[in-house]
Amino acid sequence: MIGDGALGRGPTGRGPASDRRRGREPVDVDGWAEPSAAQRQALLGRTESVAMVGVSANPARPSHFVATYLLSSSTDFDVYLVNPAADEILGRPCYRRLADLPAVPDLVDVFRRPADLAGVALEAIDVGAQAFWAQLGLWSPQAARLAHDAGLDVVMDRCLKIEHARFAGGLHLAGFDTGVVDSRRTARRASRTTSNA
């Protein structure tokens with residue numbers, strides 16, 4: 001397999017979105033541009049099934065958290081879990097590889113090392129997926145080029161859970177805007193402040 005080294009990665013090693021957030025220029029991939037928010041929203045709107053490659057059985061892992069969200073009532077996705085080291089996660093069967101799934105996923109969401117992304121992109125192409133999504137912090141110019149050249153929509157360095165919740169108005173669900181940390185004064189704090197004055 002050809003590595004990503006020839007094309008390089010962004011100065012942070014993470015990809016265009018994180019580079020832009022840090023005020024650095026992203027690494028270009030010929031023929032592919034990072035999709036806009038409207039394009040990502042449209043992609044999620046037409047997605048009916050998601051295969052999560054690299055999902056973990058460990059509840060402390062981000063992939064487990066995302067799987068929990070995608071399997072919740074917050075989404076209408078048919079979710080398939082791909083992890084060759086597990087038989088079941090969150091009460092759902094795990095498949096060894098994308099080719100073993102009982103249906104073709106619309107979107108392949110990847111939680112694997114950057115070096116593995118091109119291989120997963122090839123698997124996504126082979127099974128007929130329509131979109132390749134590399135999770136937050138993951139970036140591979142080679143995977144982007146392979147998937148894009150095969151006609152797949154490509155999103156990199158974005159969290160599927162965050163993007164879905166953002167567009168569905170649910171960032172308060174499952175870990176965002178919980179109100180646990182709040183700068184507003186509660187009635188109790190406000191009364192203590194005025195009584196001490």
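Numbering of residues begins at 1 and proceeds along the displayed sequence.
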Those residues that, when tested against Glu48, pass side chain to side chain contact (heavy atoms under 4.5 Å, CB included) (two or more places apart):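 Glu48 satisfies side chain to side chain contact (heavy atoms under 4.5 Å, CB included) with Asp106 only.
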Could you work out, with side chain to side chain contact (heavy atoms under 4.5 Å, CB included) as the rule, every residue matching Ala37, not counting sequence neighbours? Arg40, Arg166, Phe167
Under 3.5 Å, side-chain donor or acceptor atoms of residues 81-89 against the rest of the protein: list the pairs with distances, not counting sequence neighbours.
{"unit_1": "Asn83", "atom_1": "OD1", "unit_2": "Ala85", "atom_2": "N", "d": "2.7"}
{"unit_1": "Asn83", "atom_1": "ND2", "unit_2": "Val55", "atom_2": "O", "d": "2.7"}

Rounded to the nearest 0.5 Å, what separation is found between the CZ atom of Arg112 and the CD atom of Gln135?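 Reported to 0.5 Å precision, the distance equals 14.0 Å.
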Between the CZ atom in Arg96 and the CG atom in Leu101, the distance rounded to the nearest 0.5 Å is 13.0 Å
Could you tell me which residues satisfy salt bridge (charged side-chain N to carboxylate O under 4.0 Å, His left out) with [X], sequence neighbours excluded, listed by chain and number?
X: Asp126; value: none
X: Arg92; value: none
X: Asp153; value: Arg46

I'd like to check Asp109 versus Val53 (side-chain heavy atoms, cut-off strictly below 4.5 Å). Are they in contact? no
Would a 4.5 Å heavy-atom cut-off, applied to side chains only, mark Leu152 and Leu146 as touching?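 No, side chains not in contact.
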What pairs of residues pass the ring pair (Phe, Tyr, Trp, His ring centres under 6.0 Å) test when at least one of them lies in residues 76-128, not counting sequence neighbours? Phe77-His164
Could you walk me through whether Leu138 and Leu117 pass the side-chain contact (heavy atoms from CB on, under 4.5 Å) check? CA-CA 8 Å; Leu138 297 178; Leu117 293 179; 4.0 Å; yes
Using the salt bridge (Lys or Arg N to Asp or Glu O under 4.0 Å) rule, collect all pairs that involve residues 133-142, keeping only residues at least two apart or in two chains.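 Pairs touching residues 133-142 that pass the test: none.
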Inter- and intrachain pairs under side chain to side chain donor-acceptor pair (under 3.5 Å), touching residues 55-64, at least two apart: none
